[in-house]
Each structure stands twice: as C-alpha cells, then as structure tokens.
Amino acid sequence: MIRIAVGTPDFDIGAETARVAGQGGGAIASFVGQVRDDGNLQSLELEHYPAMTDKALHKIAETALADWPLHAVTIIHRVGKLAVGENIVLVVTGSDHRDAAIEACSFIMDKLKTVAPFWKKETRTDGATQWIEERASDIDASQKWDKSEN
C-alpha cells in the first residue's frame, strides 16, 4: 500500500503510523522533518508542480517497495509557507523486519531531498529571501543508495 499526500494541512503522525501498522508486519519506522531554526529563519515556503511531484513521490515509494520487503509506505509532504518548528514531511514504512523498515525510510528521505521537485524559499527575520539549492551532503546521501545492493 502506498499513500502519497502533498498539501498545506499538517499531518497526524499517530493516525498515519496506525494506518501503516494496520497493513501488518512487526516493524514501523518513521521520520518527521520540521522547519529547522538556524538562528534567523522566519519561514520556509515550498512550491511544487503537482503532477510532477506526485509522479516523483510515487516512483520513490515504488522503488522502496521493490527494494525492501515492505507492507506499506506513506509519504506526506507539506507545501506553502511554514514557520520554524512546523512539520514539513512525514515518511512511515512498515515491514516484518526492523532493518527493512528503517533502511527504506532512510532511502525515501534521502531521495525526497534530491529527486522530489520541491522549490524552497526561505525568509529571514530581516525580511531577506533566498531560494535554497541542494546541499552536496544531500546529493551524496542520495547517491549512496544508487551504489548499494540493499
């Protein structure tokens, strides 16, 4: 089971985890990303092209299902203007085994950072704005999965 949602509403971590747990297995892994306070960040605004984003997120989830023995994958990504501390992304994976659930969750997060087409603009407390580019560390983390044999 794949569940993908992209939108402005916040998500219910407990409900989403229960949904994945309901698909069976004994291991659930999850990751919640929030807008990080780096000292003078006021907000982060995420934009996307819905058809392109939906296709990319489904491909990431389908790859995870093909590479690990998972029962379910949930990817929820928020868009719009988010304040420091607000939730941005939720990934939940369910499997019979801990390693598969954790590795697949990590794979999905690494791919979301580099493959998913989201454009992020930060606004500083002084009013300055800037589009954010990919970090080399995110690209390296994503590429390690391309080289591994899982």
Side-chain angles (χ1 to χ4, degrees), residues 1-23 25 28-38 40-95 100-124 127-150:
M1 179 195 92
I2 294 175
R3 173 169 151 66
I4 305 288
V6 178
T8 56
D10 198 0
F11 41 79
D12 181 333
I13 298 165
E16 298 300 335
T17 301
R19 184 187 324 265
V20 170
Q23 298 300 309
I28 305 294
S30 64
F31 176 85
V32 177
Q34 299 181 317
V35 178
R36 182 179 43 241
D37 182 5
D38 67 356
N40 65 354
L41 182 68
Q42 182 176 45
S43 64
L44 186 64
E45 188 165 352
L46 291 89
E47 296 181 5
H48 74 120
Y49 179 69
M52 184 186 303
T53 305
D54 187 64
K55 183 176 179 180
L57 297 187
H58 271 92
K59 184 173 182 181
I60 292 168
E62 289 165 359
T63 300
L65 280 168
D67 290 352
W68 287 274
L70 302 174
H71 297 288
V73 172
T74 292
I75 301 172
I76 300 176
H77 210 296
R78 296 182 68 201
V79 293
K81 192 171 187 175
L82 302 169
V84 170
E86 285 194 75
N87 293 327
I88 299 175
V89 64
L90 172 67
V91 174
V92 185
T93 55
S95 178
I102 292 170
E103 287 177 12
C105 187
S106 184
F107 163 82
I108 292 167
M109 278 310 307
D110 287 340
K111 292 300 180 183
L112 285 174
K113 297 281 276 185
T114 57
V115 176
F118 292 102
W119 294 272
K120 301 174 185 173
K121 183 170 67 176
E122 59 186 18
T123 300
R124 299 286 168 183
T129 61
Q130 176 180 345
W131 291 99
I132 300 173
E133 295 186 20
E134 291 176 324
R135 294 184 191 140
S137 59
D138 293 334
I139 294 169
D140 290 345
S142 178
Q143 289 177 340
K144 80 179 179 192
W145 296 107
D146 300 335
K147 299 173 188 169
S148 73
E149 297 179 16
N150 301 330

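Quick caveat, the model's predicted, so the values are computed rather than measured.
- Remark: Phe11 CZ to Ile75 CD1 distance equals 12.5 Å, nearest 0.5 Å.
- Closest heavy-atom contact between Val79 and Phe118: CG1-CE2, 3.8 Å.
- Nearest approach of Ser142 to Thr114, heavy atoms of both residues: OG-OG1, 2.9 Å.
- In terms of heavy-atom proximity, Gly94 sits nearest to Ile28 at CA-CD1, 3.9 Å.
- For the atom pair CZ (Arg135) and CG (Asp140), the distance works out to 13.0 Å, reported to the nearest 0.5 Å.
- Minimum heavy-atom separation, Thr93 to Ala101: OG1-O, 2.6 Å.
- Within the model, atoms OG1 of Thr53 and NE2 of His48 stand 5.5 Å from one another, a figure rounded to the nearest 0.5 Å.
- The CZ atom of Phe107 sits 11.0 Å away from atom NZ of Lys144, with the distance rounded to the nearest 0.5 Å.
- Ion pairing between Lys121 and Glu47 fails under the 4.0 Å rule for side-chain N and carboxylate O.
- Side-chain atoms of Phe31 and Ile108, non-hydrogen and from C-beta on, never get closer than 4.5 Å to each other.
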Output, in order, the C-alpha distance, side-chain angles, deciding distance and verdict of side-chain contact (heavy atoms from CB on, under 4.5 Å) for Arg3 and Val73. CA-CA 6 Å; Arg3 173 169 151 66; Val73 172; over 6 Å; no

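- In this structure, CG in Leu90 is found 12.5 Å from CD1 in Ile88, a value given to the nearest 0.5 Å.
- Contact of the Asp54 side chain with the Val6 side chain is not registered, since no non-hydrogen atoms from C-beta on lie closer than 4.5 Å.
- To the nearest 0.5 Å, the span separating NE2 on His77 from CD1 on Ile4 amounts to 11.0 Å.
- Around atom CZ of Arg124, more than 12 heavy atoms belonging to other residues, nucleotides or ligands sit under 6.0 Å away.
- At least one side-chain heavy atom of Glu62 sits less than 4.5 Å from a side-chain heavy atom of Ile2.
- Closest of all the heavy-atom pairs between Leu41 and Thr123 is CD1-O, 3.6 Å.
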Please test Thr129 against Glu45 for side-chain contact (heavy atoms from CB on, under 4.5 Å), starting from the C-alpha separation and ending with a verdict. CA-CA 10 Å; Thr129 61; Glu45 188 165 352; over 6 Å; no

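- Val89 is listed as a side-chain neighbour of Met109, based on a closest heavy-atom distance under 4.5 Å.
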Please assess Val92 against Arg19 for the test side-chain contact (heavy atoms from CB on, under 4.5 Å), listing each intermediate value before the final yes or no. CA-CA 9 Å; Val92 185; Arg19 184 187 324 265; over 6 Å; no

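- The heavy-atom pair separating Leu70 from Ala100 by the smallest distance is CD2-O, 3.9 Å.
- Within the 4.5 Å cutoff, the side chain of Ile132 has heavy atoms near those of the Leu44 side chain.
- Leu112 places a side-chain heavy atom less than 4.5 Å from the side chain of Leu57.
- When side chains are defined from C-beta on, Arg78 counts as touching Glu86, because their heavy atoms get closer than 4.5 Å.
- Taking 4.5 Å as the limit, every side-chain heavy atom of Lys111 sits out of range of all side-chain heavy atoms of Thr63.
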